[in-house]
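To find a chain, count down the sequence lines: A is the first, B the second, and so on, and within it residues start at 1. As a basis for the values below, the full set of heavy atoms in this structure was taken, side chains included, without hydrogen atoms, waters or symmetry mates.
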Protein chains: 2
Amino acid sequence: MANIRDIAKATGFSVSTVSKALNGYSDINLKTKQLVLKTAQEMDYTPNVMARGLITKKSNMIGIFFGDQTNSGFDHPFFSEFLRSIKDVCGAEGYDILIFSNRKRESKSYKSICIENGVAGVILILTGDQRADQNIRALHETLPTVYIDSVPHQYFNVNMVESDNESAAFEATDYLIQLNHTRILKIAGDQIAKAAHDRVAGYKNALTKHNIPVDEQLIKYCEFSQEQSYKLTKSFFSKKTDVTAIFASSDTMAYGAIEALKELGYSVPGDISVIGFDDIDSAAGYSPALTTVRQQRLKIGQSAAKILINIIENNNDGSIQRVTVPAHLVIRESCGNRSV
Amino acid sequence: MANIRDIAKATGFSVSTVSKALNGYSDINLKTKQLVLKTAQEMDYTPNVMARGLITKKSNMIGIFFGDQTNSGFDHPFFSEFLRSIKDVCGAEGYDILIFSNRKRESKSYKSICIENGVAGVILILTGDQRADQNIRALHETLPTVYIDSVPHQYFNVNMVESDNESAAFEATDYLIQLNHTRILKIAGDQIAKAAHDRVAGYKNALTKHNIPVDEQLIKYCEFSQEQSYKLTKSFFSKKTDVTAIFASSDTMAYGAIEALKELGYSVPGDISVIGFDDIDSAAGYSPALTTVRQQRLKIGQSAAKILINIIENNNDGSIQRVTVPAHLVIRESCGNRSV
DNA sequence: ACTCTTTCCTAAAACGTTTTCTGAAACTTG
DNA sequence: CAAGTTTCAGAAAACGTTTTAGGAAAGAGT
């Protein structure tokens, strides 16, 4: 492949002149510039991204870390829509997307990985353990960073895009109360996730609004996974209880709960009503079709990408952006009216 | 960030010695090596990928081009599973994934984009027009390249992974014939795709096996999209016809066909049976639940990634690899027995 | 004709690695 | 102990760019 020196030779100008012509510097004669450009075209020249990146320390890449599939807080349809919208926005603005997947350097910090690869900014879609990772702080203190949906709640000064979890949880709980449920088990997700807490807050607000006492015994934190939710539900309903509804903080957790309930001989929604959160693709086809909260994943992804690019290109004035995207209840068939 | 010089200073050795220690050269004393490694760890050193790439001309990135969502040959669930499996395999082997999305350089060739970014190899998942792009040839003549599923059929010397389209199409057609259908409309996909031709071949084989004459009038090529299939079906069934079944080359095309049939007052599968191809996520939940051919997207993606990495690391001996992944019929509710 | 600008171009350093080549010191061997 | 061999470390070039600082030539103003 032709390099800048070849063009210099071909045109008779120096390397520096060619470089400047190529990069639109003003102290280059128009004719010179045109000649260089034409020659570059003819020689199918493309600048070497490594050499350039080495000196400018910039790139047109946006990095993405995302949680493993095994961490089921985010399963695949979820991620896919995020990625698609991020790709669309970033692509339009001139960025490529680098997905960090290399597992041969797992010991290294997020920050190192990003700097090493010279990404201009990072979007983080993390799950479970990853959120607890201490070295994550160094990352967002160094590089333009946007969290999607899932933030370690002890860190507050980060850019973030998330659903309006509190309002949506309020809406879902309110709906259950309309159906005469008053004893509602909240399967909350794991303690470290801000989303889990916000959804609990919405749940409590709704109860309070209807003068139903909040029973902390009904709020259970566990990993965002089908298995954990299954276990929790199974053990909870093995004892006698007056609970008539479950509000899970994810659809997969709702699946786990329903699975457990069925095994215990309960019918859903006949005996117990269940609401999920997310509206993953399979929710509508599930049996029973799952009543759940739909998160607008496309909008969330778009928004995250826009914020990130804005930070990158306006050289970060230090302000922190937080965007909350509305999420609403989608009523299907997994909730029933409680006979009073 | 710490660089190799900092480690040299900290340990008292020269840059070259540090580099060699880090890279496992044999002419380094064990103690020296251990000291360097330990220091590197402590200083959170990570080699600068640009500097290294500049000299080695290698990188640990795999590039991916994939078709736009607007080209519905591949819609989102499809791509998502490919990506996931590619990510898993590449990640385990020490590669990151660069998704080319930057739309500000559309004028450049695939080859230029890849070389400029220094990717070690490329996976192509292309649709419609992209496949016809002339400059694509320069790419696979220059860089390790694997096509997934969709190859411009005029090029033969390319690495490729695809479903066993011919056998699967045979199986699907055979099934329709078992149900006493003999006049089967084949909505084939677009001419330029090898997959379209292979599926037609399987269709013809099945007819021939059962001594049913092949009627070329029943083989219609059109873009892999719901709209085109809808239009084609609508116009086809507006005239009188003895066709009692449709075999579409994608699920979205099957949807288009069913939509048209319903509007024309036909019931599916009552009057007309329809089979799709792909088994996208929504196929099972569609009404009627779609009988279709399931492509093993995870396996296809894995296989493509493995082939690519193999080529990259074994310095391409020039042999061409083609892998065919089995695909089988999933029987649901969109086909019925034809009353004879 | 002299100075002051402006215009256009170049030399050279720098970015952080890898790798080849050279050589000092320490061992072997007879 | 001389000569040969092995072990280990370092110097320096190279990769392909960008960018700073400088300066020659041409034009402008008096």
Mind checking side-chain contact (heavy atoms from CB on, under 4.5 Å) for B:Leu37 and listing every partner two or more places apart, or none if nothing turns up? B:Leu22, B:Lys33
note: A:Lys58, atom NZ; D:dT18, atom P; distance rounded to Å ~ 12 Å
Where at least one partner belongs to residues 91-101 of chain A, residue pairs that pass salt bridge (charged side-chain N to carboxylate O under 4.0 Å, His left out), sequence neighbours excluded: A:Asp96-B:Arg105
Contacts of A:Glu116 that satisfy salt bridge (charged side-chain N to carboxylate O under 4.0 Å, His left out) - sequence neighbours left out: none
With no hydrogens and no angle check, is any side-chain donor or acceptor of B:Asn310 less than 3.5 Å from a backbone partner on B:Lys306? no
In B/S/- notation (B base, S sugar-phosphate only, - none; protein heavy atoms under 4.0 Å), nucleotides 15-21 of chain C written 5' to 3' is BBBBB-B
Whole-Å distance between D:dA9 P and B:Lys33 NZ? 12 Å
Rounding to 10 degrees, work out the angle separating the end axes of the helix from C:dA1-D:dT30 to C:dG30-D:dC1 (five pairs an end). 40°
Scan residues 1-22 of chain A for pairs that pass salt bridge (charged side-chain N to carboxylate O under 4.0 Å, His left out), counting only residues two or more places apart or in two chains. A:Lys20-A:Asp27
Can you name the side-chain contact (heavy atoms from CB on, under 4.5 Å) partners of A:Gln296, sequence neighbours left out? A:Lys299, A:Val325, A:Pro326
Return the set of residues passing side-chain hydrogen bond (donor to acceptor under 3.5 Å, both in side chains) with B:Tyr95 (not counting sequence neighbours), or none when no residue passes. B:Glu313
Can you tell me which residue pairs pass the salt bridge (charged side-chain N to carboxylate O under 4.0 Å, His left out) test with a partner in residues 39-52 of chain A, sequence neighbours excluded? A:Lys38-A:Glu42
What nitrogen or oxygen pairs link the protein and nucleotides 4-7 of chain D at under 3.5 Å?
none

B:Leu35 meets the side-chain contact (heavy atoms from CB on, under 4.5 Å) criterion, sequence neighbours left out, with B:Thr11, B:Phe13, B:Thr39
Got a sec, which residues hit side-chain contact (heavy atoms from CB on, under 4.5 Å) with A:Gln34, two or more places apart in sequence or on another chain? A:Leu30
